Amino acid sequence: MAGLELLSDQGYRLDGRKATELRKVQARMGVFAQADGSAYLEQGNTKALAVVYGPHEMRGSRSRALHDRAVINCQYSMATFSTAERKRRPHGDRKSTEMSLHLKQTFEAAVMTQLFPRSQIDIYVKILQSDGGNYSVCVNAATLAVIDAGIPMRDYVCACTVGFVDETPLADLCYAEESGGVSSLALALLPRGGQIALVQMDARLHQDHLETLIEAAMTACKSVSKVLDEVVRQHLQEASVLSRE
Amino acid sequence: MRLLSALPENMSPLRLCVPGEKLCSVGDCNQGTGVYQRHGYIYSSLAGYVMRKNEGEELPVISVVRETEALLLPDVGAIVTCKVTGINSRFAKVHILYVGSTPLKDRFRGTIRKEDVRESEKDKVDIYKSFRPGDIVLAKVISLGDVQSTYLLTTAENELGVVVAHSEAGAQMIPISWREMQCPQTNAKEFRKVARVQPEYLEA
């Protein structure tokens, strides 16, 4: 099919990156004073805002409370101005519900919910600008927000979306690559232990390539975790300097 | 704030840590708060400062603390301070405000049943003569509750019960016995299940 090459002969992608290069990650923690924890994260042109409340008493139906753990309630939404065409995006649409469920499953694996029986932790993520890798950016932003809220976690949760083109795995896909017919796989990882929290893929891929793709995704997630680590340490340093004064 | 400026001598200098960071092995230290154990090593579960407290003969206790207050939930056996929001003949509904001496960011709901108000003569208790809406009560958590109910609390001890109450005239009442309080303005006596506050908590 004529059009832009996803991977040139010299090994450059549409935005000039190499195959294993991630987009630039910039993040800030503690952006909202009124929430228990909050974070803003940009990965290339994808921007996400995550806010965490909790643990607090179960809201709504008490029958959904678990006797030995906290319930994690996630809500994913996209701003109406986040995509190229401004569309009305009601909260209850299928894609948002599916993403919210994936986020919930991811964080149930990492957050130590057994410490807070019969309570609820709310994680709200909003995409402000969408340029591919929505799920991954949400997970990374939500990790920072949960750390900011002081909720105990086993480890960071880092996520990355990878694709397979011309026998080469591409790390951290942008929108043009995702919609260009690349088989994309999203993976959420707990980097220190190497444990996978969630793998999601709904494209066709030959089974021989799966191993390579997952390896590439894990390497990319570990790079993301290094960046997030820097952000958290920086934030802690700043917070302690401020309080000392 | 106060945390960093008031370091006792038996603590080593603080260093930063992040969730998932390996701190030490299980044989070196005991587990404190903010850490968890896996495969024979102790890992941090919070982003904060590592504190190693030496307690005499035993192994030092390692814990991770944050600048802001730790997250707290009422636990079974904890003494909590609550405010009565509603009463009926069988129980009193309360909002839990403090756990120990730490204020909660979000109030939790609790219930004090009629049979948990005092030790003696449990079935002859009259809730209207024990609590009134607006009273501040010291209670102990006996259960986290199940599907139908909220936290279950008890005041069936001498040190538990009403600590602050306002009379019908609006003035703060003075306790005169374990059962009565008196209003300083009208000298009227009202019935409450009064807590016997420990002497060290009373200001001189």
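So you know, we letter chains A, B, ... as the sequences are listed, proteins then strands, and number each from 1. Remember, predicted model here, so these are calculated numbers, not experimental data.
Only the side chain of A/R192 comes within contact range of chain B, judged by heavy atoms closer than 4.5 Å. Of the atoms belonging to B/R109, heavy atoms from both backbone and side chain fall under 4.5 Å from chain A. Contacts of B/Y43 with chain A are absent, with no heavy-atom separation under 4.5 Å from either backbone or side chain.
Annotation for B/E168: atom CD does not count as buried by contact number, only 12 or fewer foreign heavy atoms lying within 6.0 Å. By the 6.0 Å contact criterion, CD on A/Q34 is enclosed, its count of non-hydrogen atoms from other residues, nucleotides or ligands being greater than 12. At most 12 non-hydrogen atoms from other residues, nucleotides or ligands lie less than 6.0 angstrom from CZ of B/R179. Environment of NZ in B/K93: crowded, with over 12 heavy atoms of neighbouring residues, nucleotides or ligands closer than 6.0 Å.
Judged by distance alone, the side chain of B/D135 and the main-chain N or O of B/V137 form no donor-acceptor pair under 3.5 Å. Within the 3.5 Å criterion, the main-chain N or O of A/G133 finds a donor-acceptor partner in the side chain of A/E178.
Counting only N and O atoms by type, the side chains of B/T150 and B/T111 include a donor and acceptor under 3.5 Å apart.
Residues of residues 134-146 of chain A lying under 4.5 angstrom from chain B, judged on non-hydrogen atoms, do not exist. Contacts between residues 219-233 of chain A and chain B, defined by a heavy-atom separation under 4.5 Å, are made by A/D229, A/V232, A/R233.
Between A/R59 and B/D106 there is a salt bridge, with a side-chain nitrogen of the basic residue lying less than 4.0 Å from a carboxylate oxygen of the acidic one. Ion pairing of B/D116 with B/R113 is present here, as a side-chain N (NZ or NE/NH1/NH2) and a carboxylate O approach within less than 4.0 Å.
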Check: Where do A/D131 and A/Q129 land on the side chain to side chain donor-acceptor pair (under 3.5 Å) test, with the steps shown first?
Finding: CA-CA 7 Å; A/D131 186 31; A/Q129 189 173 313; over 6 Å; no
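For the pair B/V194 and B/M181, the tightest heavy-atom approach, listed with the atom from each and the gap, is CG2-CG, 3.7 Å.
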